[in-house]
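Encoded as structure tokens, the structure appears first; notes follow it.
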Amino acid sequence: MVTRREFLKGAGIAIGGMALGGGIVAGIGSMAHPSTKEKHHFKELPEYNKALMFFTPTEHAVIEAAAERIFPKDENGPGAKELLVSYYIDHQLAGAWGNGSKEYRQGPFYPGEPTQGYQGHLNKQQIFRLGIEALQNEAKKRFNQSFTSLEGSQQDEILQAFEKGEVEIKGVSSSYFFSLLRSATLEGVYADPLYGGNRNMEGWRMKKFPGHQMSFADIIDKDEFVVIEPQSLHSQHHK
Amino acid sequence: MAKELKKTDVVLVGMGWTGGILAAELSKKGYKVVGLERGANRTLADFQMMHDELRFAHRFEMMQDLSQETITFRNNMKMRALPMRQYGSFLLGNNVGGAGTHWNGQTFRFLPYDFEIYTKTVERYGKSKIPEDMTLQDWGITYEEFEKYYDMFEKTIGVSGDETPLGAPRSNPFPTPPMKKTPALELFFEAAKKLNLHPYMMPSANLSENYTNPDNISRPACQYCGFCERFGCEYAAKADPLNTVIPVALNTGNFELRTHANVVKILHQDGKAVGVKYIDTITREEYIQPAEVVGITSYALNNVRLLLISKMGKPYDPNTGTGVVGKNYCYQTFGASAQGFFENKQFNLYAGAGALGACLDDFNGDNFDHSDLNFLHGANISITQTGRRPIANNATPPGTPSWGAEFKKQSIKYANSVLSVGAQGASLPYRHHYLDLDPTYKDAFGLPLLRITFDFEEQDRQLVAYLGEQTEKIMKEMGADIIQAGKTLGPYNIVPYQSTHNTGGAIMGSSPETSVLNNYLQMWDFENVFIPGASAFPHNSGYNPTDTVGALAYRAAEGIDLYLQKGGLLV
Ligand SMILES: Cc1cc2nc3c(=O)[nH]c(=O)nc-3n(C[C@H](O)[C@H](O)[C@H](O)COP(=O)(O)OP(=O)(O)OC[C@H]3O[C@@H](n4cnc5c(N)ncnc54)[C@H](O)[C@@H]3O)c2cc1C
Ligand code: SF4
């Protein structure tokens with residue numbers, strides 16, 4: 001366990017003083033990627049994270065394709081697929097979030113007004129299963145193909161219909177499923193890589209977000225924009 | 001059968017800001033104090049993995065577990081109230097430290113106008129200015145009488161701030177100087193000055209420099225780490241009951257902290273409380289803790305719920321306007337804002353602190369003439385730099401789709417080039433906004449949930465329209481290339497986060513006919529029960545509540561000491 005004293009010392013901050021180490025903002029003014037050595041090291045390991053806890057392989061393929069339409073690869077950098085967002089979503093669904101274990105789940109259930117928030121009895125695991133099935137059905141109905149074999153623009157057409165709530169899903173609105181899929185995609189792009197997405201912090205780099213840093217005390221009032229090489233929580237834990 | 005424990009001088013229900021302050025003040029005076037907290041204890045070592053946006057900001061790791069307990073909500077009395085099944089509008093604290101661990105630290109005093117709002121409004125504009133169903137009332141104490149308690153709380157937590165000509169007058173300067181002024185805040189300052197307004201640095205409980213408080217507790221300066229609100233501070237730079245009042249209480253040897261102790265009822269007999277009943281959430285065993293004095297310090301909403309469950313005080317009836325418990329529930333009126341997109345400028349927006357900001361009070365309280373306006377009170381207008389964490393912040397210029405190629409491009413382009421000026425509007429009481437017990441839904445122990453009946457009114461819509469104009473003017477002056485202004489307000493919606501500033505329901509005042517508490521936060525009907533908290537506010541001002549909440553706790557501590565010496569109603 002790291003004590004606060006060690007923590008502050010590690011950050012170059014003297015307790016009771018303000019001696020900031022220069023190391024904290026190494027990489028200022030550059031878009032430096034991790035040292036090639038580290039990159040190389042990680043490349044050699046298999047990505048154990050790329051396996052499924054919840055989805056079937058087919059379900060996973062649908063989510064991977066849909067997430068890529070929500071956050072596509074472009075000149076800024078990788079899209080959801082390369083960032084492993086679909087694995088992030090799979091892993092999240094397998095746990096507390098997917099089970100709704102911290103939500104109030106007692107009945108009776110009534111539809112309620114939009115101002116009263118989600119009132120369904122289905123948890124996120126169930127909603128994703130139903131949503132994926134509906135994406136497939138819609139692909140079949142409109143284009144007589146599987147969702148994953150459609151052109152990007154055809155997938156967009158279907159996702160737009162979901163977003164507008166135009167597709168019937170038993171037990172939940174398609175717009176609610178879409179909003180969950182959209183927010184989970186953004187989470188997978190930008191959450192700490194410890195959750196399995198945001199591969200190699202490339203999501204953060206696109207936004208120039210430096211992730212977990214000990215201190216910004218010496219740049220907070222500076223005029224120029226400072227690019228800092230990101231760090232994940234791995235750096236805080238791993239010694 | 002509940003096990004009865006040894007009697008103590010004071011028992012406290014909940015160990016957040018108000019519980020922590022009472023524990024420190026009364027144990028220092030030599031009273032034996034027991035603090036009951038339904039959650040676990042926390043130490044700085046628990047904060048090592050704090051910079052995790054997903055876990056703390058989006059999965060609400062530090063907050064009350066809604067599967068165990070929540071509230072129900074409806075906009076009006078004709079609707080069926082339904083449970084808040086997932087987090088949204090406000091986030092409830094849990095564990096030792098309460099919401100005081102994961103707050104921002106924006107630490108404002110209310111205005112002298114607030115404490116005498118009814119009298120001063122009638123004096124200046126006449127009775128007819130107050131809408132018929134607005135249940136505005138004075139607080140039963142003046143700002144002058146109350147000022148010293150602000151001073152006590154601010155010295156304990158070490159507020160960093162700046163003098164302002166339009167805010168509440170101070171007997172002492174701020175304990176520490178203001179936080180660092182960033183380029184974004186500088187833009188706000190310059191723009192406001194050009195518009196002849198009076199900007200100042202936001203008073204902050206994230207320390208601007210190392211500070212030792214009157215209890216001899218030392219804390220280091222803020223590192224602007226950008227993971228502040230919704231997170232605990234791993235440096236102890238942000239004031240938290242855990243790094244201020246609770247260690248002081250524990251040090252006296254007179255304070256016993258009991259965690260996993262969920263209080264289910266205040267026990268009383270012949271108009272006096274005799275103690276509380278609680279359930280150990282791990283063993284499920286029931287205990288009775290007898291006490292001379294009960295301090296209800298379980299956050300505004302739970303304070304009211306415990307009174308109603310324990311059948312203490314007369315419940316408020318919105319049909320007749322009689323009764324007091326549950327009356328004058330208020331919130332905070334956000335919505336007036338201007339978001340500005342800058343084409344050729346990037347700010348270091350990933351850096352920030354919960355209370356790093358600049359603000360002004362030219363349109364707050366009664367600092368401006370309301371004769372020709374269709375609303376009362378106003379808002380503090382501010383810009384803050386709290387750390388633009390990437391999951392939550394994906395602003396795009398108006399007209400951009402919310403997903404897909406264009407969304408990605410724009411949200412990345414403006415990630416560090418978008419600033420926002422917002423207004424934190426006062427929330428005034430209405431006859432039909434109130435708290436009571438839900439007839440249907442129960443918590444994990446089988447007790448009824450609290451029901452909130454609340455909506456925004458024409459007052460709020462007018463306030464937002466007027467304040468929205470002001471924020472837009474400031475943003476224009478700041479030089480944004482694209483501006484998206486918020487000037488309209490729909491119905492109150494429990495889904496988007498707004499603020500954890502729930503107020504009222506067990507209000508203070510000068511008469512038992514119209515209030516639950518006197519100005520020592522002592523219950524009129526139960527002289528040995530004291531309830532400091534935002535539940536005591538007769539209305540909510542155009543500021544964050546906790547400076548006033550903390551000050552009320554110092555006032556209540558003085559009251560409990562007086563009561564334990566001489567007994568009886570103190571007013
Ligand atoms: C994200 C966030 C940001 C905020 N930012 C600001 C800000 O910048 N400025 C500001 O002024 N305010 C802010 N607030 C509000 C501030 O946190 C509260 O006003 C303050 O903590 C209230 O103090 P309290 O003692 O009444 O309640 P809390 O601090 O919440 O403490 C209540 C405690 O009681 C316990 N409890 C509840 N019921 C029971 C029971 N039945 N038995 C035993 N224990 C119980 C809870 O677990 C909790 O620990 C913010 C709040 C949040 C959530
Ligand atoms: S911003 Fe400052 S006060 Fe807030 S958590 Fe970080 S170091 Fe602490």
Side-chain angles (χ1 to χ4, degrees), chain A residues 1-4 7-8 11 13 15-18 69-72 74 76 96-97 101-106 108 110 112-119 156 159 182 186-187 190-192 194-195 203-204 206-217 219-223 225-226 233 236-237, chain B residues 44-45 48-49 51-54 58-60 65-67 70 73-75 79-80 82-86 88 180-183 210 218 220-226 234-236 346-348 350-352 356 389-391 394 402-405 408-409 412 415-416 440-442 491-495:
Chain A
M1 179 57 68
V2 189
T3 66
R4 179 166 72 96
F7 184 53
L8 289 168
I13 297 152
I15 295 167
M18 279 289 300
R69 295 315 298 166
I70 290 172
F71 197 85
D74 67 0
N76 285 299
W97 183 74
S101 57
K102 284 180 87 178
E103 295 175 15
Y104 186 79
R105 305 202 57 216
Q106 294 184 37
Y110 298 102
E113 296 294 324
T115 57
Q116 294 174 300
Y118 179 68
Q119 292 296 335
D156 285 354
L159 290 169
R182 177 191 177 270
L186 292 178
E187 287 169 7
Y190 294 122
D192 191 286
L194 93 90
Y195 294 97
W204 287 348
M206 286 187 272
K207 271 194 177 173
K208 305 189 183 92
F209 181 74
H212 161 67
Q213 302 287 335
M214 292 294 181
S215 177
F216 295 123
I219 59 123
I220 185 76
D221 52 356
K222 296 287 175 292
D223 262 324
F225 185 70
V226 183
L233 282 169
Q236 168 71 8
H237 187 61
Chain B
L44 274 185
Q48 296 298 304
M49 289 286 144
H51 294 174
D52 183 338
E53 185 189 3
L54 182 72
H58 301 278
R59 299 288 185 264
F60 314 109
D65 179 350
L66 296 183
S67 74
T70 184
F73 160 71
R74 57 182 181 172
N75 290 93
M79 267 166 76
R80 185 204 315 266
L82 293 175
M84 175 172 83
R85 297 186 179 277
Q86 307 171 342
K180 295 191 188 186
K181 203 189 271 179
T182 68
N210 299 340
S218 296
C222 168
Q223 300 304 318
Y224 302 91
C225 75
E234 69 274 28
Y235 292 99
Q346 286 191 89
F347 305 89
N348 293 310
Y350 49 78
L356 176 61
R389 296 176 294 272
I391 299 173
N394 288 288
S402 69
W403 55 279
K408 180 183 176 189
K409 193 171 144 202
I412 288 173
N416 296 292
T440 309
Y441 295 97
K442 308 264 191 290
Y492 173 59
N493 181 343
I494 200 144
V495 181

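All chains are named by letter (A, B, ...) in the order of the sequence lines, taking the proteins before the strands, and each is independently numbered beginning at 1.
- Without hydrogens or angle criteria, A:Q116 side chain to B:M84 main chain gives no donor-acceptor distance under 3.5 Å.
- Side-chain contact between A:I219 and A:F225 is absent, with no heavy atoms from C-beta onward closer than 4.5 Å.
- No other option in A:A96, A:G211, A:P210 has as many heavy-atom pairs under 4.5 Å with chain B as A:P210.
- Taking A:Q106, A:E113, A:K222 one by one and counting their heavy-atom pairs under 4.5 Å with chain B, the maximum is reached by A:Q106.
- For the set A:W204, A:Y195, A:Y110, the count of heavy-atom pairs under 4.5 angstrom toward chain B peaks at A:Y110.
- With 3.5 Å as the limit, one finds a donor-acceptor pair spanning the side chains of B:N394 and A:K207.
- Each of A:D223, A:L233, A:D192 has some count of heavy-atom pairs under 4.5 Å with chain B, and the biggest count is that of A:L233.
- Using a 4.5 Å heavy-atom cutoff, the side chains of B:Y224 and B:Y350 are not in contact.
- Top candidate by heavy-atom pairs under 4.5 Å with chain A, chosen from B:M79, B:R389, B:R74, is B:M79.
- If you measure heavy-atom distances from A:P108 to chain B, the contacts under 4.5 Å come from both the backbone and the side chain.
- Interface summary for chain A: among B:A415, B:P390, B:S402, the most heavy-atom pairs under 4.5 angstrom belong to B:P390.
- For A:T115 and B:N75, the side-chain atoms include at least one donor-acceptor pair closer than 3.5 Å.
- For the options B:I391, B:D65, B:T182, heavy-atom pairs under 4.5 Å to chain A are most numerous at B:I391.
- By number of non-hydrogen pairs under 4.5 angstrom with chain A, the leading residue of B:R59, B:M49, B:E53 is B:R59.
- With a 4.5 Å cut-off on non-hydrogen atoms, A:L194 touches chain B through its side chain but not through its backbone.
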Step by step, would you call B:H51 with B:E234 a side-chain hydrogen bond (donor to acceptor under 3.5 Å, both in side chains)? CA-CA 9 Å; B:H51 294 174; B:E234 69 274 28; 2.6 Å; yes
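- Residue A:R182 touches chain B through its side chain alone, counting heavy-atom pairs closer than 4.5 Å.
- Remark: A:K102 fails to qualify as a cation-pi partner of B:F60 under the 6.0 Å distance and 45° angle criteria applied to the six-membered ring.
- The contact between B:D52 and chain A is made by backbone and side chain atoms together, counting heavy-atom distances below 4.5 Å.
- Note: B:N416 leads B:N416, B:T440, B:T70 in heavy-atom pairs under 4.5 Å with chain A.
- Heavy-atom distances place both the backbone and the side chain of B:Y441 under 4.5 Å from chain A.
- Looking at heavy atoms from C-beta onward, A:M206 lies in side-chain contact with B:I412 at the 4.5 angstrom threshold.
- At a cut-off of 3.5 Å, with distance as the only test, a side-chain donor of A:Q119 or B:R85 sits close to an acceptor on the other residue.
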